Amino acid sequence: MSYRIFTAFDLSAEVIRDITEFRNKLPKQSSSVLRWTKTEQLHITLNFVGELREQDLKPIQEKLLKTLTETKPFSLEFSGSGIFPNERNPHILWIGMQPTYDLLAVVEKNKTIFQEFGYPPEKRPFQAHITIGRFKDYSSRVELDQFLSGWNGQKSTFHAQQMIDHLTFYKSTLTPQGPIYSVITRIQFQ
């Protein structure tokens, strides 16, 4: 048996509220070109592992606890929005953040733990972001261009800040209605 898992930082209620307000200010074409991330699923992914063998679950959980509980809480600053991979071929609408030393240190420790158990790191380098929406495949180019035109005037307006005081180890279950995230454990920073 295996589990589809990832590690992440949860977002505060204030940051989620700010993201909702930002989305509400975007052009009216938003709903025709984007599927919004559900507010209860907004997070900062640190490491998407994919399928994790059942026998590795407990040892990795223990190693994460042992390694990361000594981490001190730190602040993250969120600013602006962007599109992966680009505006000509948009897939993901995201909120950006400053990749601080503290953030990158946790990402590196996290990645190393999974590598020790034989799980390779993601092929793409870590890019600090929050996925707030995914572009629909079937929207018209006209609707997309109208959205992008309006978004370009708003893309730099998002700003928020949050203290990060824990890491969450999640299981993701795919369903026809979308993924369901379950908490395996939360690792509180000291």
Side-chain angles (χ1 to χ4, degrees), residues 1-13 15-16 19 35-74 76 78 82-85 89-137 162-190:
M1 186 171 178
S2 65
Y3 302 97
R4 187 171 187 265
I5 64 106
F6 66 96
T7 54
F9 290 142
D10 299 319
L11 299 174
S12 68
V15 171
I16 291 172
I19 290 171
R35 282 185 315 279
W36 294 116
T37 302
K38 296 175 185 171
T39 54
E40 66 272 12
Q41 293 182 335
L42 289 167
H43 62 271
I44 304 163
T45 301
L46 301 181
N47 189 12
F48 177 77
V49 178
E51 296 299 318
L52 182 94
R53 296 176 298 270
E54 184 176 20
Q55 68 265 25
D56 293 336
L57 186 64
K58 191 82 169 152
I60 287 175
Q61 185 177 345
E62 289 169 359
K63 183 82 176 198
L64 284 167
L65 280 164
K66 183 179 176 187
T67 304
L68 296 174
T69 51
E70 296 174 9
T71 302
K72 303 266 187 258
F74 59 92
L76 278 182
F78 307 100
I83 293 174
F84 289 143
N89 186 26
H91 291 285
I92 291 174
L93 181 64
W94 50 265
I95 295 291
M97 69 194 73
Q98 298 300 315
T100 65
Y101 172 82
D102 294 316
L103 169 65
L104 296 176
V106 171
V107 168
E108 191 58 35
K109 287 177 187 176
N110 187 45
K111 181 175 73 172
T112 300
I113 290 168
F114 286 96
Q115 283 181 290
E116 288 173 11
F117 286 86
Y119 296 94
E122 291 186 64
K123 290 178 176 65
R124 296 173 293 196
F126 176 74
Q127 292 191 16
H129 73 282
I130 304 165
T131 298
I132 64 168
R134 296 182 187 281
F135 286 88
K136 297 176 181 177
D137 294 332
Q162 175 182 330
M163 285 301 291
I164 302 295
D165 62 1
H166 70 276
L167 174 140
T168 305
F169 191 20
Y170 279 105
K171 178 174 84 167
S172 174
T173 306
L174 297 178
T175 72
Q177 294 76 36
I180 298 172
Y181 301 155
S182 314
V183 174
I184 295 171
T185 192
R186 281 202 169 89
I187 299 161
Q188 201 68 38
F189 298 160
Q190 296 300 321

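Quantities reported herein were computed from a predicted structural model and do not represent experimental measurements.
- Counting only distance, with no hydrogens or angles, the side chain of Thr175 and the backbone of Gly178 share a donor-acceptor pair below 3.5 Å.
- Checking side-chain atoms of Thr37 against main-chain N and O of Leu42 turns up no donor-acceptor pair under 3.5 Å.
- Glu70 CD: 12 or fewer foreign heavy atoms inside a 6.0 Å radius.
- In this structure, OG in Ser172 is found 6.5 Å from CZ in Phe48, a value given to the nearest 0.5 Å.
- Taking 4.5 Å as the limit, every side-chain heavy atom of Ile19 sits out of range of all side-chain heavy atoms of Phe78.
- Contact check for Val49 versus Phe6: no side-chain heavy atoms found under the 4.5 Å cut-off.
- Rounded to the nearest 0.5 Å, atoms OH (Tyr170) and CG (Asn47) are 15.0 Å apart.
- Atoms CD1 and CD1, from Ile92 and Ile130 in turn, are 13.0 Å apart once rounded to the nearest 0.5 Å.
- Within the 4.5 Å cutoff, the side chain of Lys109 has no heavy atoms near those of the Leu64 side chain.
- Two residues are said to be in side-chain contact when any heavy atoms from C-beta on lie closer than 4.5 Å; Lys136 and Arg35 meet this criterion.
- Contact check for Phe114 versus Leu52: side-chain heavy atoms found under the 4.5 Å cut-off.
- Side-chain contact between Thr112 and Thr67 is absent, with no heavy-atom pair separated by less than 4.5 Å.
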Listing, residues 179-190 side-chain donor-acceptor contacts under 3.5 Å, not counting sequence neighbours, or none:
residue: Arg186; atom: NE; partner: Asp10; partner atom: OD2; Å: 3.1
residue: Arg186; atom: NE; partner: Thr168; partner atom: OG1; Å: 3.3
residue: Arg186; atom: NH2; partner: Asp10; partner atom: OD2; Å: 3.4
residue: Gln188; atom: NE2; partner: Asp165; partner atom: O; Å: 3.1

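- Among all heavy-atom pairs drawn from Ile83 and Trp94, the shortest one is N-NE1, 3.2 Å.
- Side-chain contact between His91 and Phe84 is absent, with no heavy-atom pair separated by less than 4.5 Å.
- Looking at Thr131, its side chain never comes within 3.5 Å of a backbone N or O of Gly133 through a donor-acceptor pair.
- Taking every heavy atom of both residues into account, Leu11 and His43 meet most closely at CD1-N, 3.9 Å.
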Does Met97 form a side-chain contact (heavy atoms from CB on, under 4.5 Å) with Ile44? I'd like the steps, not just the answer.
CA-CA 10 Å; Met97 69 194 73; Ile44 304 163; 3.8 Å; yes
Run the side-chain contact (heavy atoms from CB on, under 4.5 Å) test on Leu76 and Gln98 for me, step by step, so that the C-alpha distance in whole Å, both residues' side-chain angles and the decisive distance to 0.1 Å come before the verdict.
CA-CA 7 Å; Leu76 278 182; Gln98 298 300 315; over 6 Å; no
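- The two residues Ser12 and Gln162 make their nearest non-hydrogen contact at N-OE1, 2.9 Å.
- A distance of 16.0 Å separates NZ of Lys58 from NZ of Lys63, quoted to the nearest 0.5 Å.
- Note that OG1 of Thr100 and CD1 of Ile164 are 9.0 Å apart. Values are rounded to the nearest 0.5 Å.
- For the pair Leu103 and Ala128, the tightest heavy-atom approach, listed with the atom from each and the gap, is CD2-CB, 3.8 Å.
- Between Phe169 and Leu68, every side-chain heavy-atom pair lies at or beyond the 4.5 Å cut-off.
- Separation of atoms CG (Leu93) and CZ (Arg134) is listed at 11.0 Å; rounding is to 0.5 Å.
- For the side-chain hydrogen bond (donor to acceptor under 3.5 Å, both in side chains) test, residues two or more places apart in sequence or in another chain that qualify with Asp56 are Arg53, Tyr119.
- For residues 54-74, the ring pair (Phe, Tyr, Trp, His ring centres under 6.0 Å) pairs, not counting sequence neighbours, are Phe9-Phe74.
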